[in-house]
Amino acid sequence: MAHQPVAQTATANRAAPADLYADLHQALGGLLAGEPDFIANCANFSALVYATLPDLNWAGVYILRGAELVLGPFQGRPACVRIAMGRGVCGAAAARRASVLVEDVHAFPDHIVCDPVSRSELVVPLIKDNALVGVFDMDSPSPRRFTAADQAGIEAAAALLMGASRI
Ligand code: SME
C-alpha cells in the first residue's frame, strides 16, 4: 500500500498574523528609509510582501493613469496591463478608495481573470495627500486566504509606502 503523507493543517509553518505583519512592517521601514522614489518603493514593497506572506500567487501595484489603472511593479506571472476605473476588484477598490476583500473570486461577477489559478484577492488603495495614486493587489490560489487581519496589515504597510514616497 502506498505511503500516505501526514496531512498538514492550513496554518502549519505560518507565523501568527500579528507577528508576521509586525515583521513585515519593520522590514518595510528599512527598505523605504530615505528613499522617495515611488516606483522603486513599489518594487521592493511587492517583492517583500510576496516573499513574506504565504500562499500568494501574485502581489503588485496598479498605478492610476488618467481614468485607468496601469500595471506597475509586481511579483508573479505576467498580468493584465490596463484596468478601467470601476472594473474588476482593482477598479472597484480604486473607485471606492477603500479596500476590497474577495473571499472567492468566482462569486465576484466582475472579477478580471489574469491567472485562472487565483481564487481569492485583496486590493488596497494607495492614497497620498488625499489623492488616489493606485492600488496594491494580492492574489491567492486558496479561497478565503485573506482575513481582516491581512487587510489591516496591508493597509498599514501601504500607509508606510505612501508616507515614504514622493509622487
Ligand atoms: N483580478 C484583478 C485583476 C488584476 S490581477 O489579479 C493581477 C481584478 O479583478 O481587478
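Just so you know, ligand 1 is whichever comes first in the structure, and atom 1 is the first atom listed for that ligand. Given the structure is predicted, the values throughout are model-derived calculations rather than measurements.
For the pair Ser99 and Gln151, the minimum side-chain heavy-atom distance is below 4.5 Å. Residues Ser140 and Phe146 are in side-chain contact: their nearest non-hydrogen atoms beyond the backbone lie under 4.5 Å apart. A 4.5 Å side-chain heavy-atom check between Val102 and His111 finds every atom pair outside the cut-off.
Backbone and side-chain nitrogen or oxygen atoms of His111 are examined, and one is located within less than 3.5 angstrom of a nitrogen or oxygen of ligand 1. At under 3.5 Å, not a single nitrogen or oxygen of Ala79, backbone or side chain, sits near a nitrogen or oxygen of ligand 1. For Cys90, a nitrogen or oxygen atom sits less than 3.5 Å from a nitrogen or oxygen atom of ligand 1, counting backbone and side chain alike.
Ligand 1 places these atoms under 4.0 Å from at least one heavy atom of Gly88: 9 (O), 10 (O). Ligand 1 places these atoms under 4.0 Å from at least one heavy atom of Trp58: 7 (C). Of all the atoms in ligand 1, the ones that sit under 4.0 Å from a non-hydrogen atom of Tyr62 are 4 (C), 7 (C).
Counting protein heavy atoms only, atom 8 (C) of ligand 1 is closest to Val89 N, 3.3 Å. Protein heavy atom at the shortest distance from atom 2 (C) of ligand 1 is Glu121 OE2, 3.0 Å. Here the heavy atom of the protein found nearest to atom 6 (O) of ligand 1 is Asp139 OD2, 2.7 Å. Protein heavy atom at the shortest distance from atom 5 (S) of ligand 1 is Cys114 SG, 3.1 Å.
Taking each of Asp137, Ile112, Val100 in turn, the one with a heavy atom nearest to atom 4 (C) of ligand 1 proves to be Asp137.
Within a 6.0 Å radius of CZ in Arg144, other residues, nucleotides and ligands contribute 12 heavy atoms or fewer. Annotation: Arg119, atom CZ; neighbour count of heavy atoms from other residues, nucleotides and ligands within 6.0 Å is above 12.
At a heavy-atom cutoff of 4.0 Å, ligand 1 is contacted by no atom of Phe108, backbone or side chain.
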Requested in this report: Apply side chain to side chain donor-acceptor pair (under 3.5 Å) to the pair Thr147 and Asp150, showing each step before the final yes or no.
Outcome: CA-CA 5 Å; Thr147 65; Asp150 291 298; 3.1 Å; yes

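The aromatic rings of Phe136 and Phe45 lie perpendicular to each other, with more than 60° between the two planes, well past the 30° mark.
Using modelled atom types, no side-chain atom of Ser165 and backbone atom of Asp37 make a donor-acceptor pair closer than 3.5 Å.
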